[in-house]
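Quick note on labels: first sequence line is chain A, next is B, and so on, each numbered from 1.
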Amino acid sequence: MNTLKKISDYIWKIPKKEKMKVDAYIFTDEEGLKLNSEALEQIKNVASLPGIVKAAYGMPDIHWGYGFPIGGVAAFDSENGIISPGGVGFDINCGVRLLTTTIKFDENKSRIRQLIEKIYNYVPVGVGSTSSKKYNKKDFKKIVEQGAVAVIEMGFGLQEDIEYIEDNGKIMPASFQDISPKAFERGREELGTLGSGNHFLEIQLVERIYNRKIAGLFDLFEGQLVIMIHTGSRGFGHQIATDYIQLMRTHLKKHNANLPDKQLINAPFKSELGQKYYSAMNCAANYAFANRQIITHYIRKAVREIFNIDIKVFYDITHNIAKLESHNINGVEKKVIVHRKGATRAFGPGRPEIPKKYVDAGQPVIIPGDMGTASYILVGTKKAEEYAFSSTAHGAGRTLGRRQAMRTLDLAKVLKNLEKKNIIIISKNKKTIIQEAPDAYKDIDKIASIVDELGISKRVARLIPLAVIKG
DNA sequence: ATGTTC
């Protein structure tokens with residue numbers, strides 16, 4: 001097991017051996033390593049998959065996941081590599097959106113509760129929560145093929161919002177014909193809902209600015225109220241992952257015969273099934289962008305009714321996805337399919353994918369904390385390109401599994417700690433509060449500091465929660 | 001994460 005080589009304070013290397021086709025690197029501190037022997041095994045398995053290029057990477061928030069670790073990044077050659085549902089995650093395009101306001105907290109303390117309650121009235125939350133709308137086939141097709149663009153046309157938001165969503169809220173290829181009737185049935189009534197688990201909706205305070213110049217460009221200032229949405233593709237993405245894992249089991253038995261772990265099931269990217277999963281996954285990604293867009297619409301409405309002002313989409317990032325990107329692989333520019341599972345794209349300044357307004361600073365990165373802890377706004381760097389295909393961390397990362405949290409943590413204590421910090425909490429389910437308690441997660445401040453010191457993204461602002469809605 | 005154990 002002692003195959004780890006320390007490269008520097010936060011870089012650990014597992015040199016390739018046995019089945020591994022490339023090296024693996026973990027970006028964390030000694031404590032992070034101790035917590036994660038299973039995830040290290042998983043990252044070694046990932047390094048053995050067909051067509052993997054350069055290396056397999058683990059972010060500081062790495063922990064055990066389905067097949068691939070959460071907080072993992074791996075890229076596969078687009079010609080002879082694979083695509084794997086386990087490398088994306090069940091919640092396809094789980095992601096985070098931040099909305100900025102011009103509201104100053106110290107002048108509006110008394111209205112926070114009113115605002116969170118109004119938002120709670122507008123946005124359905126919890127397991128199995130459904131919207132009052134049930135989309136017809138024609139509209140649903142448009143939504144999964146055109147994401148946020150489609151729902152803005154339907155009246156959920158402003159044209160200018162599009163500019164501030166990763167991939168402009170619409171990823172191609174995405175074809176409705178590649179999703180199952182079951183996925184359609186589940187998806188059509190859950191659009192515009194928050195869900196459960198680590199998903200949340202928070203009113204936050206910009207507590208600290210690390211880089212004034214970039215914060216200015218990002219319209220962030222100390223004392224400002226901002227609103228964060230953390231959710232994904234709900235049961236729709238989950239169904240697509242389930243469907244395609246099953247299809248790969250049935251149709252690609254031989255291809256998947258010698259996997260070190262059955263959960264690493266995959267399809268050659270260029271195969272028919274590989275392309276179908278890619279398209280269906282993009283449908284789920286579009287669905288998630290649309291989901292956060294619709295929720296934004298209702299938050300806007302709530303803010304307008306209480307404060308009589310309009311709010312802006314700062315940025316929307318995805319942290320569970322596989323994307324076709326061009327990267328420099330040992331000196332050669334190559335098309336690769338980058339799997340980021342619990343990892344955030346972090347492009348440096350100048351990239352054409354970044355909104356014009358931010359292009360000189362770099363791509364905004366949003367790292368949400370867990371319940372009752374800070375979240376961070378960071379910015380992508382040129383340096384991130386050298387490390388893990390322009391990627392950074394995505395959150396605190398669990399230390400306790402959900403069941404383990406239920407066994408060891410106490411609801412009254414968790415609630416008391418939130419109360420001590422003056423955080424208002426509205427929750428649909430008490431179980432979620434225990435499962436998502438801060439003690440079930442690593443320290444987000446440390447994660448943000450590690451990625452900052454490594455230089456794979458730089459801190460811009462620290463946000464602290466004032467009021468939170470959990471599923 | 002998830003109609004919370006395909």
Output the rounded distance in Å from [atom1] ([X]) to [atom2] ([N]).
X	N	atom1	atom2	result
A:Lys430	B:dT4	NZ	C1'	18 Å
A:Asp243	B:dT2	CG	P	16 Å
A:Lys428	B:dT4	NZ	P	16 Å
A:Met248	B:dC6	CE	C1'	16 Å
A:His238	B:dT5	NE2	C1'	11 Å
A:Glu436	B:dT2	CD	C1'	13 Å
A:Gln239	B:dC6	CD	P	11 Å
A:His199	B:dT4	NE2	C1'	13 Å

Inspect the contact between [Y] and [X] and indicate whether a charged nitrogen and a carboxylate oxygen are less than 4.0 angstrom apart.
X	Y	result
A:Arg300	A:Asp161	yes
A:Asp77	A:Lys335	no
A:Glu166	A:Lys323	yes

Hey, are A:His255 and A:Asn266 close enough side-chain-wise for a donor-acceptor pair under 3.5 Å? yes

Side chains of A:Ser233 and A:Asn93: is there a donor and an acceptor less than 3.5 Å apart? no

Select base, sugar-phosphate, or nothing to describe what [X] touches, counting heavy atoms under 4.0 Å on all strands.
X	value
A:Arg234	sugar-phosphate
A:Lys182	base
A:Glu185	nothing
A:Gly197	sugar-phosphate
A:Glu190	sugar-phosphate

Between B:dT2, B:dT5, B:dT4, which one does the side chain of A:Arg403 approach most closely? B:dT5

Starting from the 5' end of DNA chain B, give me the residue, A:Thr242 or A:Gly128, whose nearest nucleotide shows up first. A:Gly128

